[in-house]
Amino acid sequence: MGLWWSSIPDALGLPARWSSVFRGDTDADRAAYRRSATRMGVQVAVVSAALVLSIVALVVVYVLWQLTPAQQQETHGPEDVHVYLDTVDLAIAIGVLSGAAILFAGVASWIIARRAVRPIAEALTMQRAFVADASHELRTPLTVLDARVQQLRAMIDTADPRRPVVDDVRDDTRVLVDIVNDLLEAARGAGEAVPTALGPELVAAERDMAVLAEQNRVRLRTTPTDAVVTVPATSLRRTIVALVDNAIAHSPAGGTVTVTAAVEDGFVSLRVRDEGAGIAGIAPRRVFERFAHGTPTGPPQDGRTRSGSGIGLALVRDVAVRHGGDVRVEHTGPHGTTFLLRLPVAGGRRRRH
């Protein structure tokens, strides 16, 4: 916009918060907040316009009915009161009053909507600030930890049987660093469509979760795929790990967690199935809400009491939606639950599996 437009709030002495309206706000949260308030204002204005126009139509019909020849030819006594209406002036008055009523309703609803939505926008801003601050504070110690693991790795000979364990620890620290960086980018509102091969991330997630599956005596099976999705590698692995972790947590000892992938209508459909007792005590769609928990359907399997915080599936949904996908419970029952994660195929290509 030109300089004359951006200088309006200063020239009028308006509060600082009005500057974003004239200069353009680069804050995505505030922009979304303004769009929501404007949308609500327009919707209320449309409803108000329909109501006002209906009233106007009734008034016009009544006036026309009163101006019929039969009414005009009636004889009146000397004591009758006669009121004469000019139809043109009446139409203009009705039009002006109707427009003013619609404009007032739209502006009033817009102001009310802004005030109603503002706490939500402020809460979202605080949430992003917390994630950004926490990620920034964690990045330095994780980087130091990664450097120390590399030093330890360099001190151990390749033939030492402890070397593979140190290599795994080093890979895990790198994953933590990448996750923190990804959280920081998400807090900044970044969500670039980066092509990532799904197959290697499935293999990496299976390797990462193998220890947990073994501890819980659960078999983990993944199907190879050559699909490519438009999600950064770190975000993609986070979603896969979270879904597999949830499946392992709700699988009985001796059960199997199966991960499959297929391309369907320009999306990669990733299905994670467990053999647990199903979702109970909560609507399936609500499992993606933060801190949501279902009701246990029986005693812990083999003394296992592992319980999640109710955040992992919410993070899966956030990542999926941020990159143009979605996630839902495709099926749940007494013999298992299947989660369906849909992510856009890179370049819109379709593959058969």
Side-chain angles (χ1 to χ4, degrees), residues 172 175-176 178-179 182-183 186 196-216 218-225 227 229-252 255-264 267-280 282-294 304 306-333 335-345 353:
D172 292 340
V175 170
L176 286 174
D178 292 339
I179 289 176
D182 184 65
L183 289 173
T196 303
L198 178 58
E201 298 308 320
L202 282 176
V203 173
E206 181 180 13
R207 183 182 63 247
D208 293 342
M209 302 304 294
V211 175
L212 183 60
E214 182 178 355
Q215 289 178 350
N216 290 275
V218 174
R219 292 183 295 272
L220 179 58
R221 296 176 180 174
T222 61
T223 302
T225 179
V229 297
T230 55
V231 180
T234 302
S235 298
L236 180 59
R237 189 181 300 188
R238 284 173 56 201
T239 59
I240 298 173
V241 168
L243 289 174
V244 173
D245 177 56
N246 178 77
I248 293 175
H250 294 89
S251 292
T256 302
V257 172
T258 306
V259 183
T260 60
V263 175
E264 301 170 352
F267 285 83
V268 174
S269 297
L270 182 71
R271 291 176 170 85
V272 180
R273 185 183 185 279
D274 63 56
E275 297 179 349
I279 299 173
I282 187 174
R285 67 178 182 278
R286 292 195 56 214
V287 298
F288 300 102
E289 298 177 3
R290 281 175 170 78
F291 311 115
H293 290 277
R304 285 191 292 161
R306 183 172 178 268
S307 176
S309 60
I311 298 179
L313 294 180
L315 294 177
V316 172
R317 182 186 60 180
D318 290 347
V319 172
V321 172
R322 180 160 32 110
H323 295 93
D326 61 78
V327 62
R328 60 185 174 87
V329 178
E330 186 176 44
H331 168 77
T332 185
H335 301 294
T337 299
T338 301
F339 283 85
L340 172 60
L341 172 66
R342 298 175 74 248
L343 299 172
V345 174
H353 298 276

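The figures that follow rest on heavy atoms only: side chains count, while hydrogens, waters and symmetry mates do not.
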Trainee: I'd like to check the side-chain hydrogen bond (donor to acceptor under 3.5 Å, both in side chains) partners of Thr332; sequence neighbours left out, ordered by chain and number.
Mentor: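 Thr332 satisfies side-chain hydrogen bond (donor to acceptor under 3.5 Å, both in side chains) with Thr337 only.
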Trainee: Is any side-chain heavy atom of Leu343 closer than 4.5 Å to a side-chain heavy atom of Phe267?
Mentor: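 SC-SC contact between Leu343 and Phe267 ruled out.
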Trainee: Using side chain to side chain contact (heavy atoms under 4.5 Å, CB included) as the criterion, list what pairs up with Ala247, not counting sequence neighbours.
Mentor: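 Here the qualifying residues are Val257, Val272, Asp274.
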Trainee: Look up atom CZ in Arg322 and atom CG in Leu315, then write down how far apart they are to the nearest 0.5 Å.
Mentor: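 The CG atom of Leu315 is 9.5 Å from CZ of Arg322, to the nearest 0.5 Å.
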Trainee: How far apart are the C-alpha atoms of Phe339 and Leu313, what are their side-chain angles, what is the distance that settles it, and do they pass the side chain to side chain contact (heavy atoms under 4.5 Å, CB included) test?
Mentor: CA-CA 10 Å; Phe339 283 85; Leu313 294 180; 4.0 Å; yes
Trainee: Show which side-chain atoms of residues 197-214 pair as donor or acceptor with protein atoms under 3.5 Å away, not counting sequence neighbours.
Mentor:
unit_1, atom_1, unit_2, atom_2, d
Glu201, OE1, Arg237, NE, 3.1
Glu201, OE1, Arg237, NH2, 3.4
Glu206, OE1, Thr222, OG1, 2.8

Trainee: For residues Glu275 and Gly255, report the shortest heavy-atom separation together with the two atoms involved.
Mentor: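 Minimum heavy-atom separation between Glu275 and Gly255: OE1-CA, 3.5 Å.
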Trainee: Mind checking side-chain hydrogen bond (donor to acceptor under 3.5 Å, both in side chains) for Arg273 and listing every partner two or more places apart, or none if nothing turns up?
Mentor: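 Scan of Arg273 (side-chain hydrogen bond (donor to acceptor under 3.5 Å, both in side chains), adjacent residues dropped) gives none.
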Trainee: Of all the heavy-atom pairs spanning Val319 and His323, show the shortest one and how long it is.
Mentor: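 Shortest heavy-atom contact: O-ND1, 2.9 Å.
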Trainee: With Arg317, which residues qualify under side chain to side chain contact (heavy atoms under 4.5 Å, CB included), at least two apart?
Mentor: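 Once residues adjacent in sequence are excluded, the partners of Arg317 under the side chain to side chain contact (heavy atoms under 4.5 Å, CB included) criterion are Phe288, Val321, Val327.
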Trainee: Calculate, to the nearest 0.5 Å, the distance between atoms CZ and CG belonging to Arg271 and Leu243 respectively.
Mentor: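 Rounded to the nearest 0.5 Å, the CZ-CG separation comes out at 13.0 Å.
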Trainee: Where do Ile240 and Leu236 land on the side chain to side chain contact (heavy atoms under 4.5 Å, CB included) test, with the steps shown first?
Mentor: CA-CA 6 Å; Ile240 298 173; Leu236 180 59; 4.1 Å; yes
Trainee: With a cut-off of 6.0 Å (strictly less than), are more than 12 heavy atoms of other residues, nucleotides or ligands near NE2 of His335?
Mentor: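 Count not over threshold, so no.
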Trainee: Could you tell me which residues satisfy side-chain hydrogen bond (donor to acceptor under 3.5 Å, both in side chains) with Ser269, sequence neighbours excluded, listed by chain and number?
Mentor: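 By the side-chain hydrogen bond (donor to acceptor under 3.5 Å, both in side chains) rule, Ser269 matches Glu264.
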Trainee: In Å, rounded to the nearest 0.5 Å, how long is the span from NE2 of His331 to OG1 of Thr338?
Mentor: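 Between atom NE2 of His331 and atom OG1 of Thr338 there are 6.0 Å.
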Trainee: If you look at every heavy atom in Ala320 and Leu341, which pair is closest and at what distance?
Mentor: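 Heavy atoms only, the tightest pair is CB-CD1, 3.8 Å.
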Trainee: Which heavy atom of Val268 sits nearest to which heavy atom of Ala261, and what is that distance?
Mentor: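 Reported closest heavy-atom pair: CG1-CB, 4.4 Å.
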Trainee: Give me the atom names and distance for the closest heavy-atom approach of Pro344 to Gly324.
Mentor: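 For Pro344 versus Gly324, the nearest heavy atoms are CG-O, 3.6 Å.
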Trainee: So, using side-chain hydrogen bond (donor to acceptor under 3.5 Å, both in side chains) as the criterion, who are the partners of Asp326 when residues are at least two apart?
Mentor: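 Checked Asp326 against side-chain hydrogen bond (donor to acceptor under 3.5 Å, both in side chains); matches are Arg342.
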Trainee: Taking all heavy atoms of Ile248 and all of Val218, pick out the closest pair and write down the distance.
Mentor: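 Nearest pair, atom of Ile248 first, then Val218: O-CG2, 4.4 Å.
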Trainee: Residues in side chain to side chain contact (heavy atoms under 4.5 Å, CB included) with Thr223, at least two apart?
Mentor: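 Applying side chain to side chain contact (heavy atoms under 4.5 Å, CB included) to Thr223 gives Thr260.
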